[in-house]
Amino acid sequence: MLKVALGLLLGVLATTAVAEEISAATDRLLWCGSAFYWLSTDAYDSGDTVEGDQYEAWSNDLGARADMMLESEGKGEDEIGTIREDYDTRVVAEMGQPGAKYDVTTCPDLVAAP
């Protein structure tokens with residue numbers, strides 16, 4: 001049991017350390033990109049493919065831009081994958097909650113114009 005608790009603690013500390021090394025702009029792109037991913041999943045699950053496609057395109061756009069920024073901040077491919085997975089896990093738990101890091105309704109502001 002102690003080994004499991006220690007492993008979880010080390011995982012949290014490692015994630016926190018990585019998050020501290022990410023710029024605020026990249027953080028918001030990652031958060032909003034993950035939010036759009038989950039919104040697209042919800043839309044597809046409810047049968048709304050038009051909305052699902054829109055959220056998926058926005059998620060892909062923000063994710064690609066975040067990846068470029070992470071690369072410019074010195075992150076490698078494996079580290080970027082780990083960071084993205086961490087955001088997906090955290091964002092799905094935060095979205096719509098009073099303590100959410102960002103308000104998802106402001107995320108469309110980040111989407112590049114066509």
Side-chain angles (χ1 to χ4, degrees):
M1 183 63 138
L2 180 60
K3 288 182 182 180
V4 172
L6 183 58
L8 289 172
L9 178 62
L10 290 174
V12 168
L13 291 174
T15 300
T16 302
V18 168
E20 290 173 0
E21 298 171 9
I22 296 173
S23 71
T26 304
D27 176 66
R28 186 161 181 238
L29 285 174
L30 287 163
W31 196 96
C32 288
S34 289
F36 287 144
Y37 167 79
W38 292 115
L39 290 171
S40 74
T41 300
D42 287 346
Y44 288 135
D45 287 348
S46 65
D48 190 340
T49 56
V50 172
E51 187 173 285
D53 289 348
Q54 179 182 30
Y55 285 133
E56 182 179 30
W58 289 355
S59 175
N60 291 338
D61 173 51
L62 298 187
R65 290 168 45 204
D67 287 352
M68 287 189 301
M69 292 177 77
L70 288 168
E71 288 173 7
S72 74
E73 293 173 12
K75 308 289 188 251
E77 187 176 326
D78 290 340
E79 191 175 7
I80 290 171
T82 300
I83 291 167
R84 297 274 306 262
E85 288 174 16
D86 175 58
Y87 273 81
D88 285 343
T89 301
R90 287 188 297 130
V91 169
V92 73
E94 286 181 20
M95 276 182 25
Q97 299 299 316
K101 191 167 193 176
Y102 298 102
D103 179 353
V104 72
T105 63
T106 66
C107 290
D109 298 342
L110 296 174
V111 178

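Using a distance-only test at 3.5 Å, with no hydrogens or angles considered, no donor-acceptor pair links the side chain of T106 to the main chain of Y102.
Among residues at least two apart or in separate chains, disulfide (SG to SG under 2.5 Å) pairs with a member in residues 25-79 are C32-C107. Listed by first and then second residue, the disulfide (SG to SG under 2.5 Å) pairs that reach into residues 54-90 come to none, sequence neighbours excluded. Legend: disulfide (SG to SG under 2.5 Å) pairs involving residues 39-70, not counting sequence neighbours: none detected. Sorted by first and then second residue, the salt bridge (Lys or Arg N to Asp or Glu O under 4.0 Å) pairs with a member in residues 96-106 read D27-K101; sequence neighbours excluded. The list of disulfide (SG to SG under 2.5 Å) pairs with a residue in residues 63-95, not counting sequence neighbours, is empty. Sorted by first and then second residue, the pairs that involve residues 32-41 and meet side-chain hydrogen bond (donor to acceptor under 3.5 Å, both in side chains), not counting sequence neighbours, are S34-D88.
Using a 4.5 Å heavy-atom threshold, the side chains of M69 and L30 count as separate. With contacts defined as side-chain heavy-atom distances shorter than 4.5 Å, the pair V104/W31 qualifies.
Here D61 pairs with R65 under the salt bridge (charged side-chain N to carboxylate O under 4.0 Å, His left out) rule; sequence neighbours left out. Checked against side chain to side chain contact (heavy atoms under 4.5 Å, CB included), A57 has no partners two or more places apart in sequence or in another chain. For A64, there are no side chain to side chain contact (heavy atoms under 4.5 Å, CB included) partners, not counting sequence neighbours. Remark: S46 engages no residue in a side chain to side chain donor-acceptor pair (under 3.5 Å) (not counting sequence neighbours).
Linking ILVMFWY residues whenever their side-chain heavy atoms come closer than 4.5 Å, directly or via other members, places I83 and V92 in the same cluster.
Under a cut-off of 6.0 angstrom, the local environment of CG in D109 is crowded, with over 12 non-hydrogen atoms contributed by other residues, nucleotides or ligands.
Heavy atoms only, all atoms of each residue included: E73 and T26 are closest at OE2-OG1, 2.8 Å. When every heavy atom of G33 is checked against every heavy atom of L62, the shortest pair comes out as N-CD1, 3.7 Å. Nearest approach of W58 to P108, heavy atoms of both residues: CZ3-CG, 4.0 Å.
Taking CG of N60 as the start and OH of Y55 as the end, the distance is 15.0 Å to the nearest 0.5 Å. Taken from CG in D86 to CZ in R84, the straight-line distance is 12.0 Å, to the nearest 0.5 Å.
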Subject >> side chain to side chain contact (heavy atoms under 4.5 Å, CB included) assessment of F36 paired with E56 >> reply: CA-CA 7 Å; F36 287 144; E56 182 179 30; over 6 Å; no
Original post:
How far apart are the C-alpha atoms of E71 and E77, what are their side-chain angles, what is the distance that settles it, and do they pass the side chain to side chain contact (heavy atoms under 4.5 Å, CB included) test?
Top reply: CA-CA 8 Å; E71 288 173 7; E77 187 176 326; over 6 Å; no
Expected list for residues 47-54: side-chain donor-acceptor pairs under 3.5 angstrom, two or more places apart:
| residue | atom | partner | partner atom | Å |
| --- | --- | --- | --- | --- |
| D48 | OD1 | V50 | N | 3.4 |
| D48 | OD1 | E51 | N | 3.0 |
| D53 | OD1 | Y44 | OH | 2.5 |

